[in-house]
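Following: one structure in structure tokens, then a few remarks.
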Amino acid sequence: MSEVKIAAETRTEFGKGAARRIRRESKVPAVVYGHGGDPVHITLPGHELQLALRTANVLLTLDIEGKTQLAIPKAVQRDAIKGFLEHVDLLLVKSGEKVNVEVYVHTEGDLAPGAFLLEHVLSTLTVEAEATHIPESVTVSIEGLEAGASILAKDIPLPEGTTLAIDEDAVVLQVLAAQSEEPAEDAGEESAEA
């Protein structure tokens, strides 16, 4: 679990114009909410936040006017063309608190010899973990699997202290036989008749 400390400033201006001014200063408007308190509107340094968000489920230590709070990203809005950060929603968490997050499913190993395809039915798993011990990803072996084989959510090994937050019988990965295209015999007969 990666933890990044970022200095934040509270903001009092809202709306499109204020957000554009913030972004021109290479900062990102954000909202911090959770634990039954009122949402707090803040501004974060753009470059530091961009680097922090490269890590999945990063734990942010926010320094808001001298007060330190832990938060995880809940929603990140990016510009569709240029990819820069437009707005971030952060959820306050406490050490020891359980949260539901999505973690990426990675595979290791090779399928059985032959023309098989691996389909990722779910590329992420929703799990419940302690806020300060969120796994970045989970890894499952696909070594030797053949067509018709599938891996269910309950078959994926999870780190200690992490539990599934989805149906344990949900299909995560399945192996398919590759389809070969046969030459169309009807096309040759039709051209001969013409």
With distance as the sole test, does [X] use its side chain to make a donor-acceptor pair with the main-chain N or O of [Y] at under 3.5 Å?
X: R11; Y: A30; result: yes
X: N57; Y: E102; result: yes
X: E143; Y: D110; result: yes

Apply the test side chain to side chain contact (heavy atoms under 4.5 Å, CB included) to residues T126 and V101: give CA-CA distance (whole Å), side-chain angles for both, the deciding distance (0.1 Å), then the verdict.
CA-CA 6 Å; T126 304; V101 293; over 6 Å; no

Say you draw a straight line from [atom1] of [X] to [atom2] of [Y]; how long is it, rounded to the nearest 0.5 Å?
X: E48; Y: K5; atom1: CD; atom2: NZ; result: 11.5 Å
X: E136; Y: Y104; atom1: CD; atom2: OH; result: 11.5 Å
X: Q77; Y: D89; atom1: CD; atom2: CG; result: 6.5 Å
X: K16; Y: R20; atom1: NZ; atom2: CZ; result: 6.0 Å
X: S150; Y: D169; atom1: OG; atom2: CG; result: 10.0 Å
X: S137; Y: H106; atom1: OG; atom2: NE2; result: 4.0 Å

Just so I know, are the side chains of [X] and [Y] near enough to count as touching, which here means a heavy-atom distance under 4.5 Å?
X: E9; Y: I42; answer: no
X: L53; Y: P73; answer: yes
X: I166; Y: L122; answer: yes
X: R23; Y: E86; answer: yes
X: T139; Y: T107; answer: no
X: V140; Y: D155; answer: no
X: T61; Y: I6; answer: no
X: I156; Y: I151; answer: yes

Contact summary for [X] and [Y], nearest pair of heavy atoms:
X: H120; Y: V105; answer: CE1-O, 4.5 Å
X: P135; Y: V103; answer: O-CG1, 3.1 Å
X: D79; Y: K82; answer: OD2-N, 2.6 Å
X: A177; Y: F116; answer: CA-CD2, 4.2 Å
X: V31; Y: P39; answer: CG1-CB, 3.8 Å
X: V99; Y: A131; answer: CG2-CA, 4.1 Å

Quick one: do [X] and [Y] end up in the same hydrophobic cluster if we chain Ile, Leu, Val, Met, Phe, Trp and Tyr together by side-chain heavy atoms under 4.5 Å apart?
X: V58; Y: L92; answer: yes
X: L176; Y: V121; answer: no
X: L60; Y: I22; answer: no

Candidate pair V171 and L152, rule side chain to side chain contact (heavy atoms under 4.5 Å, CB included), full reasoning:
CA-CA 4 Å; V171 176; L152 305 178; 3.7 Å; yes

Between Q50 and F84, is a side chain to side chain contact (heavy atoms under 4.5 Å, CB included) present by the stated rule, with each step listed?
CA-CA 8 Å; Q50 183 91 7; F84 62 82; 5.5 Å; no

Between H35 and E97, do the side chains contain a donor N or O and an acceptor N or O under 3.5 Å apart?
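Yes, because at least one side-chain N or O of E97 sits under 3.5 Å from a partner of the opposite role on H35.
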
Check: T162/E128 side-chain N/O donor and acceptor closer than 3.5 Å:
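The answer is no; no qualifying pair exists.
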
Stepwise, does the side chain to side chain contact (heavy atoms under 4.5 Å, CB included) test hold for V127 with N100?
CA-CA 6 Å; V127 297; N100 284 353; over 6 Å; no

The residue among T132, I134, L70 that forms side-chain contact (heavy atoms from CB on, under 4.5 Å) with V93 is L70

